[in-house]
Amino acid sequence: MLGPAVTTRSNQLVPLDSNFASGGSLRQLFGLDNAALAACMLAAGEPAWRGCQMAEAMYRQRLTSLDEITTLPKALRQRLGAEGWQVGRPRILQVFKSTDGTERYLVQGQPMDPQTVETVWMPEGDGGEAGDSGDADAAEEGKSRTRATICVSSQVGCAVNCQFCLTAKLGLQRNLGAGEIAGQVVAVLDRHGVEVGRERVNLVFMGMGEPFLNYESFMAAVRLLVEEVGLSPQRMTVSTSGIVPGIERFAQEPPEVRPKLAISLNAPNNAIRSEVMPVNRKWPIEAVVDAVRQVRLRSRERITFEYVLLGGVTDRLEHAAEVARLVRRSGLPAKVNLIAWNPGPGIEYTMPSAGAVEAFRVALAAEGVPVYLRKPRGRDIFAACGQLKRTVEG
Ligand code: SF4
């Protein structure tokens, strides 16, 4: 048996042997970081560098079975297999393809788990990155997939209950582990043959769930993606509904592994926001902005305020003026991403008219606020913002 392999820094927060029943239960290696894999190998009487070989095989070469990891001696692979270990990378179970090239996946985080989560691949992104530092490099790269974006889930369902969001209808089913979060990304990179380091891919943690209510696993996944997979945190954005303790904790993360921050604002003032996002009753806009001020931004980095336009509710010109004042008062280097609300079954809101969206954008721009319109992607396959609910209709 492999002994306990725990470090506070590693992704395995419980002893490796303690969370699995003996007698043939499967044990997942995917999700363990280099340090945990090395400790695991040491406990098995192997040199620590065998852990590096495993990390290289799972995260860089994207191998999905122990048999394929031929850098490990066959006897060791067999021993691991006999003890129930497997790579156990999350699997794409179903693919829905949009006419616009977007793909939505149902991903199984753990073998045999019936609770899937959703991940979305947008080959051209959705404009959410527009105006961020680094966009200029993308144009210079001149590569075919300079703007691909993967939207990643952090929980099965969500407890935050934003009134415009389909995921909220599921309630919170469970948190995802670090391997289940990072595994969505690696599975999608693999599916599209993306060469990390040569092709630019953006990650947005804006799928199902509130990342800051699953903080440990979310940040452990980010560290895996940065340190083991080789992705840049500056091409990652995490969006929060405004969980103040989470933002304060996030502010302490070192810049080498800290993604960019987006606040899901969605209303011009506390009265409307508390209706649309009940979480605002606990942490109103001012408290959220105060917490965001604690984040030490990199040079040219900006905070993004995401703003879903709900027809007749948050899309009026006077709302745009309020948002402009709010952004100015915050004193933060910031931009606003506008998203026209995507309809979903059982949600009473209406889409804003194209005219209202454009008028809102123009009004913010006229107030000197950097503003970008996120393009709806994959509406026909329920992949657009706020539409993720494990729907199986294609
Ligand atoms: S918008 Fe995000 S935080 Fe709000 S309910 Fe949906 S998944 Fe949760």
Side-chain angles (χ1 to χ4, degrees), residues 90-109 115-130 138 143-158 162 164-170 181 183-194 199-209 235-237 239 262 264 304 306-311 337-347 349-354 357-358 372-394:
R91 287 196 311 140
I92 295 175
L93 290 189
Q94 246 179 307
V95 179
F96 303 93
K97 294 188 185 190
S98 166
T99 49
D100 68 18
T102 298
E103 292 186 352
R104 175 170 70 91
Y105 313 105
L106 296 190
V107 178
Q108 183 182 51
Q115 288 189 317
T116 52
V117 290
E118 307 219 339
T119 311
V120 178
W121 161 264
M122 293 170 277
E124 304 293 330
D126 66 354
E129 290 286 304
K143 291 171 186 158
S144 58
R145 284 201 298 235
T146 53
R147 290 182 163 276
T149 296
I150 302 173
C151 179
V152 186
S153 293
S154 55
Q155 297 178 307
V156 183
C158 185
C162 302
F164 54 83
C165 172
L166 263 186
T167 305
K169 301 270 179 204
L170 293 171
I181 299 171
Q184 295 168 59
V185 177
V186 177
V188 174
L189 292 175
D190 207 13
R191 175 178 167 82
H192 293 278
V194 175
E199 295 178 79
R200 176 184 134 163
V201 175
N202 300 310
L203 302 187
V204 293
F205 296 92
M206 300 184 185
M208 298 170 84
R235 299 238 183 273
M236 301 178 190
T237 303
S239 177
S264 200
T304 301
E306 304 283 347
Y307 193 97
V308 173
L309 290 154
L310 303 168
N337 277 354
L338 297 177
I339 306 141
W341 179 70
N342 294 300
I347 301 186
Y349 295 118
T350 53
M351 286 176 73
S353 69
V357 173
E358 180 57 10
Y372 302 88
L373 190 57
R374 281 178 60 186
K375 302 181 195 95
R377 294 293 189 202
R379 265 187 188 161
D380 53 336
I381 54 163
F382 293 100
C385 281
Q387 285 189 316
L388 300 183
K389 197 196 165 190
R390 296 208 314 258
T391 37
V392 291
E393 302 86 5

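Hydrogens, waters and symmetry mates are skipped; everything else that's a heavy atom, side chains included, is used.
- To the nearest 0.5 Å, atom CD of residue Q108 and atom CG of residue L93 are 4.5 Å apart.
- Counting heavy atoms from C-beta on, the side chains of P345 and L166 come closer than 4.5 Å.
- Every residue meeting the side chain to side chain contact (heavy atoms under 4.5 Å, CB included) condition with R191, not counting sequence neighbours, appears here in chain and number order: I92, V95, K97, E103, Y105.
- The backbone N or O of M208 sits less than 3.5 Å from a side-chain atom of S153, completing a donor-acceptor pair.
- Closest of all the heavy-atom pairs between T102 and V120 is CG2-CG1, 3.5 Å.
- Nearest heavy-atom pair, N337 versus R374, reported as atom, atom and distance to 0.1 Å: ND2-CD, 3.7 Å.
- With rounding to the nearest 0.5 angstrom, the OG1 atom of T350 is 7.5 Å from the CH2 atom of W341.
- Looking only at distances, no side-chain donor or acceptor of W121 sits under 3.5 Å from a matching main-chain atom of V188.
- Atom-to-atom distance recorded for Y372:OH and T304:OG1 is 9.5 Å, nearest 0.5 angstrom.
- The two atoms that bring S154 and G209 nearest to each other are OG-C, 3.7 Å, heavy atoms only.
- In this structure, CD in E358 is found 9.5 Å from CG in L338, a value given to the nearest 0.5 Å.
- Taking each heavy atom of P352 and V357 in turn, the nearest pair found is CG-CG2, 3.7 Å.
- Atoms NZ and CD1, from K169 and I347 in turn, are 5.0 Å apart once rounded to the nearest 0.5 Å.
- Counting only heavy atoms from C-beta outward, the side chains of V156 and L170 never approach each other to under 4.5 Å.
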Output, in order, the C-alpha distance, side-chain angles, deciding distance and verdict of side chain to side chain contact (heavy atoms under 4.5 Å, CB included) for T237 and N202. CA-CA 8 Å; T237 303; N202 300 310; over 6 Å; no

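- Side-chain contact between E118 and L106: present, with at least one pair of heavy atoms (C-beta onward) separated by less than 4.5 Å.
- Minimum interatomic distance between Q184 and V107 (heavy atoms only, all atoms of both residues): CG-CG1, 4.2 Å.
- Minimum interatomic distance between S239 and S264 (heavy atoms only, all atoms of both residues): OG-CB, 4.0 Å.
- One finds the CD1 atom of I339 at 7.5 Å from the CE atom of M206 (value rounded to the nearest 0.5 Å).
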